[in-house]
Amino acid sequence: MFTLPPLIAKLNNLYLEFIGPIIILGTLGVLLAVIIHYLLIGPHGKELSKLEPEIIRLNFLERLTHFVRMVSTVILAVTGISFALFRPGSLGFDYPVIYNTHLIFAILFTVSSLISIVIWLKDNFFTKYYWQWLKVLGGYLTRKEIHPPAGKFNAGQKIFYWLSSILSIIIIISGVMLAYYDKFILGSLIWAAVLHGICAILLTATIIGHAYLGSVANPGTLGSIFHGKVAREWAKKHHPQWYEKLMQKDKQKNEKKLRLITEN
Ligand code: HEM
């Protein structure tokens, strides 16, 4: 049977005894909250999913990095949770296979997260209508449809962007320390292991909420991460300020074209 190096065995015990139970409670808590929200409040704007997606929402690079980040996060969560919940050798737990899978997807997660963070930075500064959205919590706690002002991303999405960026960076730095464990003293490694575990739980929990809001809770949204487009009505309702800006840009482009044609 595969035996762990003593230092890694100590850290593995830390996960088994301390971080594992928090993972289960945290993940179940968010899953429960999502189910309760669905039953009590449910999706807003079901008709929006039936409309033709015609407005470009996310470009190719945004979609590619999001896709790699999404897939790598899911695989990292599954392999990471296996470290935290099962002893090597128990339940046929194959440590080297799981460890190597975790490392390969960690590289993909690092590259895609860093690119995502950079390309979405300009869209995630807080704007003047931030408070208006927050005051009604985006209308998510009422059955009545409310559409507070929002730019390309609403205030809730901006908070998620910053939270997921900070957590991703801590996970990446602490992960590198754990991968190169022989270069660090035990005290630093214990900090790295605790931070890695806690931030991974928080990221998993926020992503369950994010995936719910980006799919079931807001029909017509999910397609944007695959084909990049959304319906005109979806944009008007969910991101009115972004839609207005797009229309102004289109109008200016058309006026310029018309001027060029009439001048020639
Ligand atoms: C697990 C399944 C996931 C689903 C179903 C999902 C869905 C979506 C959707 C539909 C959007 C576009 C929203 C819009 O156009 O308004 C989006 C954007 C975004 N996603 Fe995901 N996503 C997932 C995983 C992730 C993960 C793992 C991360 C980060 C580690 C992430 C980070 C983001 C960020 C930062 C944005 C832009 C801001 C925002 O919409 O909140 N997503 N996602």
Side-chain angles (χ1 to χ4, degrees), residues 27 30-31 34 38 43-45 48-49 53-81 105-106 108-127 130 133-134 138-140 147-172 175 199-243 246:
T27 313
V30 179
L31 269 175
V34 161
Y38 183 75
H44 281 163
L48 296 176
S49 66
E54 48 181 327
I55 293 185
I56 296 178
R57 171 94 176 130
L58 302 176
N59 66 32
F60 179 71
L61 186 63
E62 288 174 313
R63 282 179 277 142
L64 178 70
T65 49
H66 183 271
F67 184 77
V68 176
R69 203 177 185 200
M70 179 169 81
V71 173
S72 55
T73 304
V74 172
I75 293 176
L76 288 172
V78 171
T79 48
I81 287 171
F105 282 93
L108 292 174
F109 174 81
T110 302
V111 176
S112 57
S113 292
L114 295 179
I115 300 176
S116 276
I117 292 170
V118 171
I119 60 176
W120 272 332
L121 179 68
K122 65 177 188 331
D123 301 314
N124 280 290
F125 292 112
F126 291 104
T127 31
Y130 164 84
W133 192 97
L134 274 191
Y140 283 127
H147 295 291
K152 174 160 177 175
F153 294 127
N154 63 43
Q157 288 178 302
K158 289 179 190 197
I159 293 172
F160 170 74
Y161 165 87
W162 287 105
L163 189 62
S164 60
S165 301
I166 292 167
L167 292 173
S168 300
I169 289 169
I170 299 175
I171 290 169
I172 292 166
C199 291
I201 300 162
L202 288 175
L203 187 64
T204 309
T206 53
I207 279 160
I208 294 172
H210 165 74
Y212 169 66
L213 292 174
S215 58
V216 183
N218 287 302
T221 307
L222 190 61
S224 69
I225 57 170
F226 298 109
H227 50 61
K229 289 183 182 169
V230 287
R232 193 170 290 276
E233 273 311 300
W234 181 97
K236 272 189 209 169
K237 279 193 173 166
H238 290 300
H239 300 271
Q241 275 67 22
W242 173 69
Y243 178 73
L246 273 186

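Being a predicted model, the structure only gives us computed values, none of them experimental. Each ligand, and each atom within it, is numbered from 1 in the order the structure gives.
Ring geometry, W162 versus F125: the interplanar angle falls from 30° to 60°, so the pair is classed tilted. Ring planes of H44 and Y140: parallel class, angle under 30° (limits at 30 and 60°).
Of the protein's non-hydrogen atoms, the one nearest atom 37 (C) of ligand 1 is W120 CZ3, 3.6 Å. For atom 15 (O) of ligand 1, the closest non-hydrogen atom on the protein side is R57 NE, 2.8 Å. Atom 30 (C) of ligand 1 has R69 NE, 3.4 Å as its closest protein atom, hydrogens excluded (heavy atom only). Annotation: atom 10 (C) of ligand 1 to nearest protein heavy atom, G214 O, 3.3 Å.
Counting heavy atoms only, I207 comes closest to atom 28 (C) of ligand 1 of the residues N124, I225, T221, I207. Considering W242, Y161, F160 only, the shortest heavy-atom separation from atom 33 (C) of ligand 1 involves F160. Counting heavy atoms only, H210 comes closest to atom 17 (C) of ligand 1 of the residues Q157, R63, H210, M70.
Under the salt bridge (charged side-chain N to carboxylate O under 4.0 Å, His left out) test applied with E62, the options K152, K122, R57, R69 reduce to a single match, K152.
W234 places no side-chain N or O within 3.5 Å of a backbone atom of I55 that could act as its donor or acceptor partner. No donor-acceptor pair under 3.5 Å is formed between the side chain of E54 and the backbone N or O of A231.
Atom CD1 of I119 sits in a crowded spot, with more than 12 heavy atoms from other residues, nucleotides or ligands closer than 6.0 Å.
L31 is not listed as a side-chain neighbour of Y212, based on a closest heavy-atom distance of 4.5 Å or more. Between L108 and F105 the shortest side-chain heavy-atom distance falls below 4.5 Å.
Residue contact check: L222 has heavy atoms under 4.0 Å from atoms 5 (C), 10 (C) of ligand 1. For ligand 1, the atoms closer than 4.0 angstrom to any heavy atom of S224 are 12 (C), 15 (O).
In H66, the N, O or S atom that comes nearest to atom 21 (Fe) of ligand 1 is NE2.
Of all the heavy atoms of H238, none lies under 4.0 Å from any atom of ligand 1, so neither backbone nor side chain is involved.
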